[in-house]
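The structure appears below as C-alpha cells.
When reading the values below, keep in mind they use all heavy atoms of this one structure, side chains included, and skip hydrogens, waters and symmetry mates.
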Amino acid sequence: MVKKMKNIKWIFFDIGSTLVDESVAYQNRIQRTIANTDISYDDYYQRMVEISKHDQNAYKHIIEEYSLKKAPWNSEDEFVYPEAENCLSELSKHYKIGIIANQELGSEQRLEKLGLLKYIDLVVASAEEGVAKPDLRIFQIALERSNCKPEEAVMVGDRLDNDIIPANKIGMTTVWIKQGFGGLAEPHMIAETPNYIIDKLTDIYQLIGV
C-alpha cells in the first residue's frame, strides 16, 4: 500500500506533458524540422525515444547531431489531457494549486484559454520570471509567493532534470508523472529518484487521500 502524503498545503504542477499533452506539438515540430531533408519522421522520432531514456534534451541533441535548424514550438498544437480539468477541480477543493513551468510569455492566458486557470492560485513561469528550471530560484520564488514551506509542497512534473531533481534539492515532495518524452527517462542517481511515480494525473488521488 502506498504511504499517503501528510501536511501538504500546496500542489505545484509543471505544464508540458503534465497538464498539457504535447504529442501533437512534437509531431508537428519534428515534421517542420526535417522538411526538405532525407531524414524520415520515424527515424527522428525513434532517435528521440532512445536519447530521452538518458537525456531529456533529446530534441536539441538531435538537431545538433544532424546539423538541422531548430523549428519553432507552436503552443496551438497543445491539448489538455482529458483528466486534467477534473483533477485540478477536485484537488483545488482541498489544496492550493500552483504552476512552476518553463514556458514562453503568456502562460496565464494560455491556461485560461485551456480552461484550467480557474483552479490555479499561482503561476510562476520562466519567461515572466527571467529564470528557468532546473534553477532553484524559480522554485524559491513559487514557495515565497505562496508563503509555503518546502515540506508543505508537492511538485508534479514529467522531467527528472527540470522537475524532480531541483524539487528534491529544495525539500519538496516529488511526484514524477510518466507522460511524454520525459516519462521515458530512467533514474540512475538518488537525486533523480522521486518520492512517488504515477502514470496519469488521477493517480495522485491515492497519494493524498482525496
Does the [X] side chain pair with the main chain of [Y], one donor and one acceptor, at a distance under 3.5 Å?
X      : Y      : value
Ser92  : Leu88  : yes
Trp176 : Gly183 : no
Arg32  : Ala71  : no
Gln56  : Gly182 : yes
Arg145 : Leu122 : no
Asp121 : Lys96  : no
Glu129 : Ser126 : no
Asp203 : Asp199 : yes

[Y] side chain reached by [X] side chain, heavy atoms, under 4.5 Å:
X      : Y      : result
Ile100 : Ile138 : yes
Asn195 : Met172 : no
Thr33  : Tyr59  : yes
Val154 : Val175 : yes
Ile99  : Leu19  : yes
Asp55  : His61  : yes
Val20  : Phe79  : no

For residues [X] and [Y], report the shortest heavy-atom separation together with the two atoms involved.
X      : Y      : value
Pro166 : Leu136 : O-CD2, 3.4 Å
Leu111 : Val123 : CD1-CG2, 4.0 Å
Cys87  : Tyr205 : CA-OH, 3.2 Å
Ala185 : Pro187 : O-CD, 3.9 Å
Ala167 : Met155 : CB-CB, 3.7 Å
Leu143 : Ala153 : CD2-CB, 3.9 Å

Under-4.0 Å salt bridge between [X] and [Y]:
X      : Y     : result
Lys133 : Asp14 : yes
Glu90  : Lys93 : yes
Arg47  : Glu65 : yes

- Query: Do the rings of Tyr26 and Phe181 sit parallel, tilted or perpendicular, given the 30° and 60° boundaries?
  - Reply: perpendicular
Determine whether the side chains of [X] and [Y] contain a donor N or O and an acceptor N or O closer than 3.5 Å.
X      : Y      : result
Gln179 : Ser17  : no
Thr174 : Asn168 : yes
Tyr119 : Glu85  : yes
Arg159 : Asn102 : no
Thr173 : Tyr196 : no

- Task: Report the distance from atom CG of Asn7 to atom CD of Glu151, rounding to the nearest 0.5 Å.
- Result: 9.0 Å
- Go through Arg110 and Glu76 one step at a time and tell me if the side chain to side chain contact (heavy atoms under 4.5 Å, CB included) criterion holds. CA-CA 9 Å; Arg110 287 193 294 277; Glu76 296 298 318; over 6 Å; no
- Does Lys118 NZ have over 12 foreign heavy atoms under 6.0 Å away? yes
- Has Tyr81 got more than 12 heavy atoms of other residues, nucleotides or ligands less than 6.0 Å from its OH? yes
- Can you check side-chain hydrogen bond (donor to acceptor under 3.5 Å, both in side chains) on Trp73 and Glu78, steps first, answer last? CA-CA 10 Å; Trp73 181 268; Glu78 299 173 349; 2.8 Å; yes
- What about Ile15 and Leu201, same hydrophobic cluster or not, with Ile/Leu/Val/Met/Phe/Trp/Tyr joined at side-chain heavy-atom distances under 4.5 Å? yes
- The single option from Asp38, Thr37, Asp43 that satisfies side-chain hydrogen bond (donor to acceptor under 3.5 Å, both in side chains) with Ser40 is Asp43
- Message: Is the distance from the ring center of Tyr95 to that of Phe12 below 6.0 Å?
- Response: no
